[in-house]
Number of protein chains: 2
Amino acid sequence: MTVKRKPAPATAEHAPLQLEHFLPYRLSILSNTISQAIADDYQRRYDISMTEWRVMAVLARFEGLSAREVAERTAMDKVAVSRALARLVAAGRVDRAIHDDDRRRSVLSLTEAGWTMHDEVAPMARAREREVLAKLDDEERAWLTRILDKLLPAG
Amino acid sequence: MTVKRKPAPATAEHAPLQLEHFLPYRLSILSNTISQAIADDYQRRYDISMTEWRVMAVLARFEGLSAREVAERTAMDKVAVSRALARLVAAGRVDRAIHDDDRRRSVLSLTEAGWTMHDEVAPMARAREREVLAKLDDEERAWLTRILDKLLPAG
DNA sequence: CCGTTATAGTTACATATGAAACCACTTGCA
DNA sequence: TGCAAGTGGTTTCATATGTAACTATAACGG
């Protein structure tokens, strides 16, 4: 007769991951918590998504980028960038021109309205970052920077 | 006559965020890179999403949880958990029973097939974690753990 | 008991996202 | 030139996700 046995308990036999000590999981929770807090700030005030804000943030730093360059710098894929740009241009926050020498490329920059919004959102984002970093002391902050430098691809 | 002026350049006047030094952004990139690497491992082999894997991971650790408890432990919302469970049960990887005393609650556990898959995926996930941590020395790893403990909500 | 309120979980709808196909333009090379 | 291959960007389609509404059950208070 067939007996439906309970699966083996979660012991050494199966070595389940302990998520609460598993780096990828912890990073994911931390990152999402922080990004969502910032997003809440600006989504309340403006009708703008996280991807759109990221595009605006890079255009604030680097004027005249093409869409592909924005994608590179934001680590977003080009479809996401294309869509974000469509909304930003429609909302009058980004200006899109065509590159003189290569008519495929766009030349992107913030409009005055875009800058106005940027200048309100950027300080809020920085404030959130400070809130997080306030939980650490100087020594920990220094190590965190160093560790991220080593772990991040381009660092 | 109206002259279309170029928006002010990205100088101190506007204080744009420097994403490459902005903690929330850097964490996001790092977290996504790592999680995606792990996901690539198991999505290639099994037809399973990141959310489904997370549900399996907590069920491997804690048998008999309800869906709500899974949601709490994975920091996912209950709808996402509900959908992940529907697929996992359909695929024969999770067994869903009804709680004796409260017929609203489900009682969840991995099936034999679920355990088999778990036992193949968990080592791959751990291997990816090791790859990341290998970029750090002992001292840095210790600081990272300490820093995450301080930054994470429940820590 | 009976109605109100709360909770576990699912469903429906609207929106977001990613992969692949696609269009426009440019480049490289015969 | 002119055509094959490559690149910037958009569109399409299929899937994923979040919010709110809903169903079923339980808990509570009279």
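All values derive from a computational prediction rather than experimental measurement. Chain A is the first sequence line, chain B the second, and so forth, proteins listed ahead of strands; every chain is numbered from 1.
- Backbone-only contact: A/Ser66 has heavy atoms under 4.0 Å from sugar-phosphate atoms and none from a base.
- For B/Arg93, the side chain to side chain donor-acceptor pair (under 3.5 Å) test picks out no residue, with sequence neighbours left out.
- When only modelled atom types and interatomic distance are considered, A/Arg54 and B/Ser28 share a side-chain donor-acceptor pair under 3.5 Å.
- Here chain A contacts DNA chain C (any atom closer than 4.0 Å to a heavy atom, that is under 4.0 Å), and the contacts span C/dT17 to C/dT26 from 5' to 3'.
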List, with names and distances, any nitrogen or oxygen atoms from the protein found under 3.5 Å away from nitrogen or oxygen atoms belonging to nucleotides 24-27 of chain D.
{"from": "D/dT25", "atom 1": "OP1", "to": "B/Arg103", "atom 2": "NH2", "distance (Å)": "3.2"}
{"from": "D/dT25", "atom 1": "O2", "to": "B/Arg104", "atom 2": "NH1", "distance (Å)": "3.2"}
{"from": "D/dA26", "atom 1": "OP1", "to": "B/Arg103", "atom 2": "N", "distance (Å)": "2.9"}

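- B/Glu140 is listed as a side-chain neighbour of B/Asp137, based on a closest heavy-atom distance under 4.5 Å.
- Remark: B/Thr51 is not in phosphate contact with D/dA16, judged by side-chain N or O atoms under 4.0 Å from OP1 or OP2.
- Between A/Asp41 and A/Trp53, the closest side-chain pair of non-hydrogen atoms is not below 4.5 Å.
- Here the CG atom belonging to A/Leu27 is positioned 7.0 Å from the CG atom belonging to B/Leu144, to the nearest 0.5 angstrom.
- In B/Asp47, the CG atom is not crowded: 12 or fewer heavy atoms of neighbouring residues, nucleotides or ligands sit closer than 6.0 Å.
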Would you give me the side-chain donor-acceptor pairs under 3.5 Å for residues 116-124 of chain A, sequence neighbours excluded?
{"from": "A/Thr116", "atom 1": "OG1", "to": "A/Glu112", "atom 2": "O", "distance (Å)": "3.0"}
{"from": "A/Asp119", "atom 1": "OD1", "to": "B/His14", "atom 2": "ND1", "distance (Å)": "3.0"}
{"from": "A/Asp119", "atom 1": "OD2", "to": "B/His14", "atom 2": "ND1", "distance (Å)": "2.5"}
{"from": "A/Glu120", "atom 1": "OE1", "to": "A/Tyr46", "atom 2": "OH", "distance (Å)": "2.6"}

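- When the side chain to side chain donor-acceptor pair (under 3.5 Å) test is applied to B/Glu129, no partner is found at least two apart in sequence or on another chain.
- When the C1' atom of D/dG8 is taken as reference, atom CZ of A/Arg96 falls 12 Å away, rounded to whole Å.
- Taking 4.0 Å as the cut-off between side-chain N and carboxylate O, B/Arg146 and A/Glu139 do not count as a salt-bridged pair.
- Using a 4.0 Å heavy-atom distance criterion, A/Ser49 is classed as making no nucleic acid contact.
- With contacts defined as side-chain heavy-atom distances shorter than 4.5 Å, the pair B/Glu69/B/Leu108 does not qualify.
- Contacts with DNA chain C (heavy atom under 4.0 Å) in residues 74-91 of chain B: B/Lys78, B/Val79, B/Ser82, B/Arg83, listed by number.
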